[in-house]
Amino acid sequence: GLGTMSMGEFRSFINDCKLLDGAFTDVGINTIFANVQGPKVGTNQNPLYDRAYNTFFLQDTRDGTEDEEPELNFGEFQEAVAAITQYKVPNPYQSFAKRLDTFLTR
């Protein structure tokens with residue numbers, strides 16, 4: 001949708017920025033995409049995570065509903081970039097702010 005990013009668009013972003021390597025793989029992409037989409041308010045379950053896991057790990061898109069596929073909004077995209085930083089600049093002796101700055105200015 002307008003102002004959101006689908007899994008395909010997120011993968012294109014990752015590929016265009018040449019971010020995949022031995023430390024950041026397809027599993028990392030799938031995990032981040034699923035986890036940045038928080039659970040619905042008032043529940044202890046995360047149906048978006050379940051759908052993303054089923055779709056991208058199990059290749060099963062049947063969930064019995066007519067909902068649209070999960071997409072990232074801008075806040076979730078920002079969180080995803082922060083999560084990618086953990087893979088790309090994993091130095092535990094630097095502050096996260098410094099690692100994020102290093103990642104974004106490469």
Side-chain angles (χ1 to χ4, degrees):
L2 187 59
T4 61
M5 181 180 275
S6 69
M7 176 55 126
E9 293 165 330
F10 185 58
R11 283 185 177 282
S12 293
F13 164 75
I14 300 291
N15 290 330
D16 291 349
C17 294
K18 299 177 178 32
L19 296 177
L20 287 176
D21 60 19
F24 184 58
T25 65
D26 283 329
V27 172
I29 294 172
N30 295 335
T31 300
I32 289 171
F33 189 86
N35 284 320
V36 298
Q37 298 176 53
K40 290 186 177 181
V41 176
T43 69
N44 292 325
Q45 299 176 353
N46 186 339
L48 292 175
Y49 177 84
D50 293 341
R51 287 185 60 215
Y53 183 87
N54 290 340
T55 300
F56 303 110
F57 287 104
L58 305 179
Q59 300 300 311
D60 179 9
T61 59
R62 297 167 294 149
D63 67 352
T65 67
E66 297 298 320
D67 293 342
E68 294 180 19
E69 290 303 311
E71 293 192 341
L72 302 179
N73 63 35
F74 185 65
E76 292 165 338
F77 173 74
Q78 289 175 308
E79 184 178 339
V81 170
I84 294 167
T85 299
Q86 298 290 75
Y87 287 89
K88 303 302 287 182
V89 188
N91 186 344
Y93 298 105
Q94 282 186 330
S95 69
F96 178 73
K98 176 66 176 163
R99 288 185 284 148
L100 182 60
D101 183 60
T102 299
F103 173 63
L104 293 175
T105 57
R106 281 186 177 174

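By convention here, the first residue in the shown sequence is residue 1.
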Check: Who passes side chain to side chain contact (heavy atoms under 4.5 Å, CB included) against Ser6, sequence neighbours left out?
Finding: Glu9, Glu71
Check: Which pairs with one or both residues in residues 4-28 pass ring pair (Phe, Tyr, Trp, His ring centres under 6.0 Å), sequence neighbours excluded?
Finding: Phe10-Phe33, Phe13-Phe77, Phe24-Tyr87
Check: What residue pairs, at least two apart or across chains, pass salt bridge (Lys or Arg N to Asp or Glu O under 4.0 Å) with a residue in residues 92-106?
Finding: none
Next item on the list: Flag the pair Arg11 / Asp26 as yes when at least one side-chain heavy-atom distance between them is below 4.5 Å, and no otherwise.
Entry: yes
Notebook entry, point to check: Heavy atoms, side chains only, cut-off 4.5 Å: are Ile29 and Met7 in contact?
Noted result: yes
Check: Looking at residues at least two apart in the chain, or sitting in another chain, which of them share a salt bridge (charged side-chain N to carboxylate O under 4.0 Å, His left out) with Asp16?
Finding: none
Checklist line | Minimal non-hydrogen separation, Leu72 against Ala80, with atom names | finding: CD1-CB, 4.5 Å
Next item on the list: Tell me, with the steps shown, if Phe96 and Gln86 meet side-chain contact (heavy atoms from CB on, under 4.5 Å).
Entry: CA-CA 8 Å; Phe96 178 73; Gln86 298 290 75; 3.4 Å; yes
Next item on the list: Indicate yes or no: at least one non-hydrogen side-chain atom of Ile84 is less than 4.5 angstrom from one of Ile14.
Entry: yes
Item checked: Atom of Thr25, atom of Leu20 and distance for their closest heavy-atom approach -> C-CD2, 3.7 Å
Note to self: Contact between Asn73 and Gln37 at the side-chain level, heavy atoms closer than 4.5 Å - yes or no?
What the structure shows: no
Check: Sequence neighbours excluded, which residues qualify as ring-ring contact (aromatic ring centres under 6.0 Å, His included) partners of Phe103?
Finding: none
Notebook entry, point to check: How would you list, by chain and number, every residue that makes a side-chain hydrogen bond (donor to acceptor under 3.5 Å, both in side chains) with Asp21, sequence neighbours excluded?
Noted result: Lys88
Next item on the list: Mind checking side chain to side chain contact (heavy atoms under 4.5 Å, CB included) for Leu104 and listing every partner two or more places apart, or none if nothing turns up?
Entry: Val81, Leu100
